[in-house]
Amino acid sequence: QKEVEQDPGPLSVPEGAIVSLNCTYSNSAFQYFMWYRQYSRKGPELLMYTYSSGNKEDGRFTAQVDKSSKYISLFIRDSQPSDSATYLCAVNTGANSKLTFGKGITLSVRP
Amino acid sequence: DTGVSQDPRHKITKRGQNVTFRCDPISEHNRLYWYRQTLGQGPEFLTYFQNEAQLEKSRLLSDRFSAERPKGSFSTLEIQRTEQGDSAMYLCASKGTVQEKLFFGSGTQLSVL
């Protein structure tokens with residue numbers, strides 16, 4: 001079993017839709033949870049960063065962490081064509097800041 | 001632009017050749033990480049430095065790979081005797097002392113023919 005499992009894609013939605021992206025992890029030692037966005041042929045860009053269970057909101061993006069079920073989610077409201085990218089969840093224990101990534105899911109938002 | 005720069009952006013080489021990539025992290029960041037990403041996969045950890053000290057290397061990092069960060073600033077990743085399986089995007093990231101946030105560069109895309 002991989003340490004971080006991410007829902008497979010690709011995912012295609014119409015503009016304005018609410019998008020839900022999900023990951024599960026297996027190691028309860030993970031304490032920091034991140035979502036990165038990656039455009040084609042670019043490096044990952046940090047989108048959301050959370051430490052504890054609960055929700056964190058930033059504009060149209062909400063990150064949700066449930067440490068009891070080892071489940072992390074990213075919600076995108078009012079999705080835009082510019083949100084079309086690959087979304088990667090990432091976790092770390094905080095011991096050495098080494099990130100473990102999910103496989104990534106490619107999102108396409110249709111105009 | 002995150003402030004982490006990598007050079008070159010693209011590298012095409014023939015099997016058996018040596019290649020070297022450079023990473024310049026955000027200037028005040030003491031930690032520097034190298035990752036490798038293949039198509040359809042998330043980045044995989046290779047190695048990391050705190051200042052000039054290399055603190056951890058992944059099992060993915062065979063003895064053909066070597067990384068340095070001689071003065072605790074920029075870093076180089078060298079691959080000797082490249083193989084076709086080395087074809088991937090090589091990503092560099094840096095981190096400051098306070099928060100657990102890694103900032104990535106745009107990567108070096110390596111193609112081994």
Side-chain angles (χ1 to χ4, degrees), chain A residues 2-11 21-27 29-52 56 58 63 65 72 74 85-107, chain B residues 1-10 21 23-26 29-50 53-61 88-111:
Chain A
K2 286 202 160 189
E3 286 194 288
V4 181
E5 300 276 4
Q6 188 164 358
D7 285 352
L11 184 61
L21 308 175
N22 305 295
C23 289
T24 57
Y25 62 94
S26 56
N27 187 347
F30 291 132
Q31 299 293 327
Y32 296 88
F33 309 93
M34 281 146 270
W35 285 94
Y36 283 83
R37 178 174 62 194
Q38 187 173 27
Y39 291 112
S40 181
R41 289 185 288 277
K42 297 284 190 183
E45 169 196 7
L46 182 62
L47 200 57
M48 298 290 283
Y49 163 84
T50 54
Y51 170 63
S52 58
K56 182 175 181 178
D58 184 0
V65 176
I72 56 179
L74 178 70
T86 296
Y87 289 81
L88 298 151
C89 59
V91 298
N92 81 43
T93 63
N96 53 21
S97 306
K98 183 177 70 175
L99 290 176
T100 300
F101 283 88
K103 202 172 175 179
I105 183 169
T106 298
L107 170 67
Chain B
D1 183 8
T2 63
V4 179
S5 61
Q6 292 189 245
D7 184 68
R9 290 295 313 279
H10 305 276
F21 311 139
C23 171
D24 287 88
I26 295 170
H29 284 185
N30 64 334
R31 285 201 178 172
L32 186 150
Y33 300 77
W34 285 100
Y35 283 79
R36 179 170 69 188
Q37 186 178 24
T38 53
L39 201 61
Q41 302 295 319
E44 293 177 298
F45 170 78
L46 292 178
T47 188
Y48 88 98
F49 294 83
Q50 179 159 305
Q54 188 173 18
L55 296 187
E56 186 174 343
K57 292 194 286 188
S58 162
R59 289 169 300 171
L60 294 175
L61 213 64
M89 171 85 88
Y90 289 84
L91 293 161
C92 174
S94 71
K95 175 190 167 309
T97 54
V98 178
Q99 288 187 309
E100 290 296 315
K101 295 183 179 180
L102 266 65
F103 296 91
F104 283 83
S106 293
T108 294
Q109 182 66 52
L110 173 67
S111 298

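Note on naming: letters A, B, ... go to the chains in the order of the sequence lines (proteins, then strands), and numbering restarts at 1 for each one.
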Seminar exercise, completed: In this structure, CG of A:Leu88 is separated from CD of B:Gln41 (nearest 0.5 Å) by 10.5 Å
Problem set entry | B:Phe45 side, atom CZ; A:Thr100 side, atom OG1 - distance, nearest 0.5 Å | 9.5 Å
Seminar exercise, completed: Cut-off 4.5 Å, heavy atoms of chain B, and the answer for A:Gln38 is side chain
For this session: Examine whether an atom of A:Tyr51 lies under 4.5 Å from a heavy atom of chain B, and if so say whether it belongs to the side chain, the backbone or both; otherwise answer neither.
Result: neither
Heavy-atom pair with the smallest gap, counting every atom of [X] and [Y]:
X: A:Gly43; Y: B:Leu91; result: CA-CD2, 3.9 Å
X: A:Ser97; Y: B:Tyr33; result: CB-OH, 2.9 Å
X: A:Leu99; Y: B:Phe104; result: CD1-CE1, 4.3 Å
X: B:Gly40; Y: A:Lys103; result: O-CG, 3.3 Å
X: B:Glu56; Y: A:Lys98; result: OE2-NZ, 2.7 Å

Seminar exercise, completed: If you tally heavy-atom pairs under 4.5 Å between each of B:Gln109, B:Glu44, B:Gln50, B:Lys101 and chain A, the highest tally belongs to B:Lys101
Exercise. Is atom CZ of B:Arg9 surrounded by more than 12 heavy atoms (other residues, nucleotides or ligands) closer than 6.0 Å?
Worked result: yes
Exercise. Highest number of heavy-atom pairs under 4.5 Å with chain B: which of A:Gly9, A:Cys89, A:Pro44, A:Gly104?
Worked result: A:Pro44
For this session: Heavy atoms only, distances under 4.5 angstrom: which of A:Arg41, A:Gln6, A:Met34, A:Gln31 has the most pairs with chain B? Name it, please.
Result: A:Arg41
Problem set entry | Test side chain to side chain donor-acceptor pair (under 3.5 Å) applied to B:Asn30 - qualifying residues, sequence neighbours left out | none
For this session: List in chain and number order the residues that pass salt bridge (charged side-chain N to carboxylate O under 4.0 Å, His left out) with B:Arg31, two or more places apart in sequence or in another chain; answer none if no residue qualifies.
Result: none
